[in-house]
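Quick notes on the structure that follows.
In what follows, every heavy atom counts, from backbone to side chain, and hydrogens, waters and symmetry copies are set aside. Proteins get letters first, then strands, A, B, ... in listed order; numbering begins at 1 in each.
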Amino acid sequence: MTNGAELTVTGVDRAFGGVYAVRDVTLSVAPGELRAVIGPNGAGKSTLFALIGGQLAPQAGEVRLDGARIDRLSAHRRARLGISVVFQAARIFHGMTALENVMVGAHATNGAGFLAGALRLPVHHREERLIRERALECLARAGIADWADRPAEELPLGQQRALQLARALCAQPRLLLLDEPASGLRAGERERLATLIGELRAEGLTMLLVEHDVAFVMRLADRVTVLDLGGVIAEGTAAEVRADPRVIAAYLGAAPEETGPEAAAAAATATATATETQTATGGERDAGTAARAAEDQGQQNAGVREDSASARKGAEP
Amino acid sequence: MSDLLGYIVTGLGIGAGFALVASGLVAIYRVTRVVNFAQGAFAVLAAMLTASLLGSGVPHGVAELGGVALGAITGLLVGVVAIGRPGTSPGTSLIVTLGLGVLAYAIEILIWGDQPRSYPGVPGVAEVGGARLQAHYLLIVAVTGPVFAVMAWFFARTDLGKALSACASNRYAAQVVGIDVRRMGLLAFAIGGALGGLAGVLTTPVQQVTFDSDVALIVNGFAAAVLGGLTRPGVALAGGLLLGVAQTLVAGYGGGAYQVEVALVLMLTVMIVQAARTGPVAETAR
């Protein structure tokens, strides 16, 4: 039903103040594939997402969608090519209802234009009705149909996250980028999200999923790419990645020699947390469990970092 | 008593000019996060052009529309220079608008000289509840009211207005749903220019315009806009009207020399109260 796009990332670099957040990353996602991107905190997952979504431009390398280069296009042009993004933070439009939040993007990209809307031409009415129907459908799929006419800022956090997903689906994307969609959701919400992602995959939508909950990812994804220190260290099926010694090393802290003191310190913390978790869960020696503990540890830091970044820019309300 | 009513209506007329300048500032700030210090220049340029057009025989109505159109075009040009380059920070853009405002002085003096100009508005004297005042003040109020109503409808009800509001609310999210944030910023500058131009065109018959009239307009307009944290057009309207009435009352019962000081004291008070209430960090983060 959906015509999923092919995504090719070739040798992209992005540095901040001389420190590489992403370095020489290459990955290729087939049409209709659900690819997970995991990695310890600071591995460059969010930067990679921003490079694909267009919030950042790469300093080297190429990003292609169905073979066409998109790495120099602005975020809104990429959105019009069929890339939809669900941010980790609930980035919704305040001062509008949930339904209006979902419809505003479709309006911005529709054909009839402003004049037809202002003059209330019949063509506008037809499009308006189609967009509204589609938006209500997307709200229902995201499980928040009952909230359609409520001001978006009044929605509970879980529903605001679902609203972002509904908004992304309403654009009828061919590539969906999901940045930690399950973080902060309750068990029931998480289950519903997993079901929805499964449905979307069955429909043939290409998806890229960053998630801290490694178990969540391993269950859903066709293939998994593991990032560490800005580079790809492993790629394969969930089972292959789970068994990869470099992945275990990256998560458990037996880091290769070239890593700096900062990484070593982070790894030490991860190991400590992992050990605690193992004791708590009866010593289950599973890279997934340990990794999840490490990621939970890192989550707070990631949140703080993003907040301070947006405060510096002063662009976020 | 009749004096008081006269002062209030006159004040509303003057305040409407401030409110228009303020709402232009708000429209631009909400969408682009840029405080546009060239806002007063839109009014001066529009008024000067209207005076010239009327002087060369263009009929009323057409000349005024020409002035407003020049305001919109100037707004667009200022926008292109201030935010046209991707990645320009709002702080940098603010300095650019300040520079363009000074450049506007030079252009105005070059074309129109440094003498004050004016043109006749609605002639005669009107009586409101026993108070006598220039009839033109009623026109100012009569035009400003519907303009604000149309703006409210535009931003809340039309697709384009909603796209502008989306940029104002969250520019990252606006981009990922396919809205061209930079283009919306330019549109906001054009709208701000038109509103500033309208302020100049409407108030010139009762207050002569000179190249440096923009100072009084920007001080009062900014004071009104800052009442609503630069983001609430309704509050900016109320603030502009309040300032206008306060100044007329001060001029009527006290001394006319203290008009600008009233605006400055009011603005400072609001900023201090707001800073104390929300804290400086929250204020910049917005």
Side-chain angles (χ1 to χ4, degrees), chain A residues 50 53-55 57 74-87 89-96 100-110 112-118 120 124 127-128 131 152-153 163-164 167-168 170-171 173 177 307-308 310-317, chain B residues 29-35 83 85-94 150 152-185 187 191 229-234 278-286:
Chain A
Q55 286 75 39
S74 58
H76 76 268
R77 298 277 301 281
R78 297 190 203 193
R80 291 178 190 190
L81 287 175
I83 299 182
S84 275
V85 181
V86 174
F87 293 111
R91 286 180 169 158
I92 56 164
F93 303 123
H94 291 200
M96 296 183 198
E100 283 173 325
N101 258 266
V102 177
M103 290 173 69
V104 72
H107 279 144
T109 49
N110 80 0
F114 167 68
L115 212 60
R120 304 244 172 263
H124 174 260
E127 277 203 23
E128 174 83 8
I131 291 173
E153 61 268 29
L163 176 57
Q164 264 204 120
R167 187 177 66 196
C170 189
L177 304 178
D307 285 349
S308 65
S310 57
R312 254 204 318 281
K313 280 184 213 144
E316 276 262 296
Chain B
Y29 181 81
R30 285 184 72 214
V31 177
T32 66
R33 302 285 138 182
V34 176
V35 180
I83 62 163
R85 211 181 112 87
T88 311
S89 77
T92 309
S93 300
L94 183 152
V150 167
W153 167 81
F154 172 73
F155 276 102
R157 289 273 165 266
T158 66
D159 297 348
L160 197 58
K162 279 182 191 166
L164 283 164
S165 301
C167 294
S169 174
N170 193 318
R171 40 197 304 126
Y172 287 107
Q175 279 181 326
V176 301
V177 299
I179 295 171
D180 186 341
V181 171
R182 197 161 57 99
R183 191 189 236 169
M184 290 298 131
L187 176 64
I191 291 171
L230 281 171
T231 54
R232 290 154 69 189
T278 58
V281 178
E283 193 63 22
T284 33
R286 269 194 73 81

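Among all heavy-atom pairs drawn from B/Ala173 and A/Arg91, the shortest one is CB-O, 3.4 Å. Of all the heavy atoms in B/Ser169 and A/Ile92, the pair that sits closest is OG-O, 3.7 Å.
Atom NE2 of residue A/His76 and atom CE of residue B/Met184 lie 9.0 Å apart, to the nearest 0.5 angstrom. With rounding to the nearest 0.5 Å, the separation of OG in B/Ser165 from CD in A/Glu100 is 9.0 Å. Going from atom CZ of A/Arg77 over to atom CG of B/Asp180 covers 8.5 Å, rounded to the nearest 0.5 Å. The CD atom of B/Gln175 sits 10.5 Å away from atom CZ of A/Arg78, with the distance rounded to the nearest 0.5 Å. With values rounded to the nearest 0.5 angstrom, A/Asn101 atom CG is found 9.5 Å from B/Asn170 atom CG.
Looking at heavy atoms from C-beta onward, A/Phe87 lies in side-chain contact with B/Val176 at the 4.5 angstrom threshold.
Residues satisfying the side-chain hydrogen bond (donor to acceptor under 3.5 Å, both in side chains) test with B/Thr88, not counting sequence neighbours, are none.
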